[in-house]
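See structure below.
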Amino acid sequence: MALDDMRPIQERCSNCSFCKWIPFDKQQSLRFAVACPSIGYYSWNTNSARGRMQMGRALSAGDIGYTEKAVEIIHSCLSCGACDVSCKICRYNMEPLENNMELKADAVSKGHILPVQAEMMESLKAEKTLIRGAKKADRTAWAKGLGIKDLTKEHADVMFFAGCKYSYDEKLQPLAREAAKLLLDAGTDLGFLAEAEMCCSGRAWQMGFFGEFKAHAENNIALIKKAGVKTIVTPCSDCYHAFKRLYAQLGLDVEVLHIVEFVERLINEGKIKFTKSLDIKVTYHDPCHLGRQGEPYVPWSGKEKKIRNQIHTWDPPRPRYNGAYGIYDAPRNILKAIPGVELVEMERIKEYAWCCGAGGGCSETDKKLSEWTASERITEANTTGADVLVTACPWCKSNLSGACGEDGKSIEVADLLELVRKAM
Ligand code: SF4
Ligand code: SF4
């Protein structure tokens, strides 16, 4: 697809603004009814999916050109997909997230990128990671001494993919070690790509750098196929989305599990047992790319057509991604299995969850939007009375932790695996 191909969808946008709010039947208060962080922060229609439809149509029709402001707005989308869920509640033929992404890709293809993005892409090229300042040579430091097999030298059934955030963030590295140890202790035949490992490049896709994403993904797919693994397990929700949805589209055909799914399986098989009670009240933050965007890829090819030159449809019908089949139960089932954990839910959860603020590369490209979005989530978590805000993604943990301490707002932010380890 390209931006021009989105025209029928853009013209079908009814300007109803449903995409700005969580589904009406899920709203419990006006305070936490907004779905889109970009319009929530900027209070400007063009920042919403509705505005992005209008901007996309005007750009592809040549009615407007790229301006500095337009480029800023295009890249101030967290790619969180909340708009997509709300729009599709009562529409079968709209794709707001796809339009947001094609807008970004069009801007990128014409050189309209932010200076920070240029630095991130330079890092991807030189050091195989989007994390600026990180060095490829340091990528495997977190795994030292663990005894995980090197898949470029020997076979293992399961590939562990820590991802860039866990690999390079010193505060998060111990968690990557714990995650791998958990799997090894449960008897998993575990390997990783070691020195050959590179960024999944999912964030490049999220920022609209489709060409760079594809090139890196194809290199990774070749490595994975050569290793002959049966399953990929990752503790990062962005990597999960990349492998499960984007790589599958490029021909990767192996089982992809987020670590919460694998841990739930190990608990059910009796390979992980809990011996301690934690006696805490927790609330759970659904990462966007594990939840609503964690639905598996469904192959499709077809074309758009009109019935009686009036009703738009796709022939054959397109797969409908609306967040319904994301990963919501596994993390909640794990929390319920841990002795002494009481789970209390926030108002915006599952497919209509609020983003942590790190999506779409915005934790680096639009820091104010990113920090505000995280701070809103901390406020929401505080209203539940929970002691701990639990999540299952290093980007969410890092961004949400960073928002604590401002305006007197605070809550302990933990990765679900930390609780699992503590209770064993
Ligand atoms: S994108 Fe969807 S929900 Fe938003 S204004 Fe258009 S039709 Fe309405
Ligand atoms: S993807 Fe998220 S930030 Fe972007 S327009 Fe949709 S709801 Fe707003």
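The first residue in the sequence is number 1, and the count goes up from there. Here the structure is a predicted model, which is why all the values come from computation and not from measurement. First listed ligand is number 1; within each ligand, the first listed atom is number 1.
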- line: Which of K165, Q293, R203 passes side-chain contact (heavy atoms from CB on, under 4.5 Å) with D238? Answer is R203

- prompt: Measuring to atom 2 (Fe) of ligand 2, does C80 have an N/O/S atom at a distance below 2.8 Å?
  reply: yes

query: For atom 3 (S) of ligand 2, what is the nearest protein heavy atom, given as residue, atom name and distance?
result: L78 N, 3.4 Å

Sub-4.0 Å heavy-atom approach of R91 to ligand 1: yes

- prompt: Which atoms of ligand 2 have any heavy atom of S79 under 4.0 Å away?
  reply: 1 (S)

statement: Counting from 1 in the order shown, the ligand 1 atoms closer than 4.0 Å to a non-hydrogen atom of N15 are 5 (S)

- prompt: Is R12 positioned over the aromatic face of W314, cation under 6.0 angstrom from the ring centre and no more than 45 degrees off axis?
  reply: yes

message: Does the structure place the NZ or CZ of R91 under 6.0 Å from the centre of the six-membered ring of F18, at an angle of no more than 45° from the ring's axis?
response: yes

- line: among protein heavy atoms, the one nearest atom 2 (Fe) of ligand 1 is C87 SG, 2.4 Å

message: Can you tell me if R52 contacts ligand 2 (heavy atom of the residue under 4.0 Å from the ligand)?
response: yes

- line: Any heavy atom of C83 under 4.0 Å from ligand 1? The part involved is neither

query: Looking only at heavy atoms, is any part of P96 under 4.0 Å from ligand 2, and if so is it the side chain, the backbone, or both, or is it neither?
result: neither

- request: Quick one: look up the protein heavy atom nearest atom 8 (Fe) of ligand 1 and list residue, atom name and how far away it is.
  value: C16 SG, 2.3 Å

query: Between N100 and ligand 2, which residue portion shows a heavy-atom distance shorter than 4.0 Å: side chain, backbone, both, or neither?
result: side chain

field: ring-ring contact (aromatic ring centres under 6.0 Å, His included) partner of W142, chosen from Y168, F160, Y166
entry: F160

